[in-house]
Amino acid sequence: MPELPEVETVVCELRDEISGDSISSVDVFRSNPIVQGDLEAFQQQLSGRTFHDVTRRAKYLIFHLQPSGYMVAHMRMTGKFIVTEPLAEPEKYNRVWFHLGSGRLMIFDDVRCFGTLEFYEKLDDSKALCKLGIEPFADDLNANYFISQLVSSTREVKSILLDQKIIAGLGNIYVSEILFRSKINPRRSAGKIRKTEWSEIIKFTQEVLGEAIENNGTTISDFRRVDDKTGKFQQFLKVYDKNEQPCPDCGVPIQRIVQQQRSTFFCPECQR
DNA sequence: AGCGGAACCTGTCGGC
DNA sequence: TGCCGACAGGTTCCGC
């Protein structure tokens, strides 16, 4: 489900739905490995608190609780949050139920159980959050941010853009799209990317993510609507999953390669 | 430092 | 039809 635009969408929807609602109790149908740390402590820490706000940091969801504390969540590949009227029985991949004071249910559903839920009294206590790099829409993100730390780096530029410690929130799909629009070959060494090229990468990062956020819901954000495969998302992607298909700009076949055990798609003609 | 590989889990799809 | 391997949008850990 999630790259940053999908997380942003979910965060906004959840904020509208649950802000002000309280948690009366928490049912866990399968904790391993979703709920981090002691399960009973987690249930106890959440029960009785109220959702005050929901925000995003990179691909993490942060549930602000009152009178104190935070639930930090990550949906990984297949996690989902659903707010619904009460159900009699958990559905197959429901992992956690949050019973809300309003009588509704917030469900964390996750086929693959890669997702994570953690409670923290203070956000600084989350090591994962502390390690994250700059947000793609941060005001102080500029070419020098990359150049200053990558002058002599031989790492491939794709690896840099996926590195959450450097820039936090980009995922495999959008990195292919960003580098295509930037006309940069994903295998280029980061240290050899010129300042003007970094500026292009930043510009197109914000453009691609912005478009995806605007098109939320019809992108990949909802497996329940996955039958709608010919929706806007397919039109939106220019290279991802387009192996052997003609480049929309020059007609040369898009190439699929593997970098860091992940698929990369690019145009060998346009991207230098 | 930074790479590759494996791991966490389950489902789906294509080839034989 | 049935089995088997490859693959899936993320992150972390380990060894070299």
Side-chain angles (χ1 to χ4, degrees), chain A residues 1-10 29-37 56-61 72-81 91-96 108-118 126-133 136 148-179 186-191 208-209 212-213 215-227 229 231-234 236-244 256-265:
Chain A
M1 175 177 214
E3 293 207 25
L4 185 148
E6 288 72 43
V7 179
E8 180 70 21
T9 302
V10 172
F29 305 107
R30 173 162 167 175
S31 63
N32 181 31
I34 292 171
V35 175
Q36 313 291 296
R56 179 189 63 74
R57 173 76 172 102
K59 293 172 229 172
Y60 290 85
L61 298 89
V72 176
H74 200 299
M75 303 188 285
R76 298 292 174 99
M77 324 268 253
T78 53
K80 274 182 265 188
F81 282 96
E91 290 180 8
K92 189 169 180 188
Y93 303 116
N94 286 184
R95 306 306 185 190
V96 181
F108 183 70
D109 182 282
D110 189 357
V111 172
R112 288 175 75 179
C113 293
F114 278 15
T116 58
L117 301 175
E118 291 172 277
S126 164
K127 270 198 268 177
L129 290 182
C130 289
K131 280 192 285 191
L132 293 172
S148 62
Q149 56 189 311
L150 299 168
V151 265
S152 55
S153 174
T154 57
R155 293 176 65 187
E156 293 174 331
V157 63
K158 179 187 182 189
S159 164
I160 299 299
L161 296 180
L162 278 180
D163 188 337
Q164 305 296 303
K165 295 190 291 300
I166 296 175
I167 180 165
L170 304 184
N172 199 44
I173 292 181
Y174 292 126
V175 168
S176 276
E177 298 297 319
I178 290 162
L179 289 173
R187 283 177 156 149
R188 290 262 305 275
S189 287
V208 166
L209 294 181
I213 290 170
N215 286 295
N216 66 55
T218 42
T219 62
I220 46 178
S221 73
D222 195 342
F223 274 173
R224 287 164 296 176
R225 291 185 227 146
V226 87
D227 47 341
K229 266 193 170 165
K232 284 184 189 171
F233 188 51
Q234 290 295 340
F236 176 79
L237 295 179
K238 294 185 175 163
V239 290
Y240 189 84
D241 211 16
K242 308 279 187 193
N243 193 26
E244 303 294 330
R256 173 186 181 272
I257 59 173
V258 176
Q259 294 175 288
Q260 298 183 277
Q261 302 157 258
R262 314 292 303 280
S263 292
T264 303
F265 298 88

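Each chain gets a letter, A, B and so on, in the order the sequences are listed, and its residues count up from 1.
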Tell me whether the OP1 or OP2 atom of B/dG11 has a side-chain N or O from A/R112 closer than 4.0 Å.
-> no
Check whether any side-chain heavy atom of A/R256 sits under 4.5 Å from a side-chain heavy atom of A/F265, and report yes or no.
-> yes
Between A/V258 and A/F114, which has a closest nucleotide on DNA chain C that is more 5'?
-> A/V258
Just how far, in rounded Å, is P of C/dT11 from CD of A/E118?
-> 13 Å
Distance between the P atoms of C/dG5 and B/dA6, in whole angstroms?
-> 15 Å
Between B/dA6 and A/Q261, is there an OP1 or OP2 to side-chain N/O distance shorter than 4.0 Å?
-> no
Plane angle bin for A/F236 and A/Y174 - parallel if under 30°, tilted between 30 and 60°, otherwise perpendicular | perpendicular
For atom P, what is the distance between C/dA6 and B/dG5, given to the nearest Å?
-> 14 Å
Given B/dT10, B/dC8, B/dG2, the nucleotide with the shortest approach to the side chain of A/R30 | B/dT10
If we take the P atom in both B/dG11 and C/dT11, what is their distance in whole Å?
-> 22 Å
Of the nucleotides C/dC7, B/dC3, B/dC9, which one has an atom closest to the side chain of A/R256?
-> C/dC7
Step by step, would you call A/H74 with A/F114 a side chain to side chain contact (heavy atoms under 4.5 Å, CB included)?
-> CA-CA 9 Å; A/H74 200 299; A/F114 278 15; over 6 Å; no
Rounded to whole angstrom, note down the C1' distance from C/dT1 over to B/dT10.
-> 23 Å
Integer-rounded Å distance: C/dG10 P and A/M75 CE | 11 Å
Output the single nucleotide from C/dA8, C/dT12, B/dG2 whose closest atom is nearest the side chain of A/R155.
-> B/dG2
Does OP1 or OP2 of C/dT11 have a side-chain N or O of A/H74 closer than 4.0 Å?
-> yes
Touch class at under 4.0 angstrom, heavy-atom based, for A/K165 against every strand present | nothing
Tell me yes or no: between the side chains of A/T78 and A/R112, is some donor less than 3.5 Å from an acceptor?
-> no
Answer yes or no: does a side-chain N or O of A/R262 lie under 4.0 Å from OP1 or OP2 of C/dA8?
-> no
Please determine, for the side chain of A/Q164, which listed nucleotide (B/dC9, C/dT11, C/dC7) has the closest atom?
-> C/dT11
Side chain A/R57, main chain A/K59, donor-acceptor under 3.5 Å | no
Whole angstrom is fine here: how far is it from CG in A/D110 over to P in C/dT11?
-> 14 Å
Starting at atom CD1 of A/I34, determine the distance to atom C1' of C/dT12, rounded to an integer number of angstrom.
-> 17 Å
Here the distance between atom P of C/dC13 and atom NZ of A/K127, to the nearest Å, is 7 Å
Choose from C/dT11, C/dG10, B/dG2 the nucleotide whose nearest atom is closest to any side-chain atom of A/N172.
-> C/dG10
Sugar-phosphate only, base, or nothing, as touched by A/S263 at under 4.0 Å among non-hydrogen atoms | sugar-phosphate
Partners meeting side chain to side chain contact (heavy atoms under 4.5 Å, CB included) with A/E91 (sequence neighbours left out) = A/L87, A/N94
Tell me what A/T154 touches on the nucleic acid: a base, only sugar-phosphate, or nothing, going by heavy atoms under 4.0 Å.
-> nothing
When you match A/Y93 and A/E156 each to their closest nucleotide on DNA chain B, which lands nearer the 5' end?
-> A/E156
Looking at the side chain of A/V111, which of B/dG4, B/dG11, C/dG10 is the nearest nucleotide?
-> B/dG11
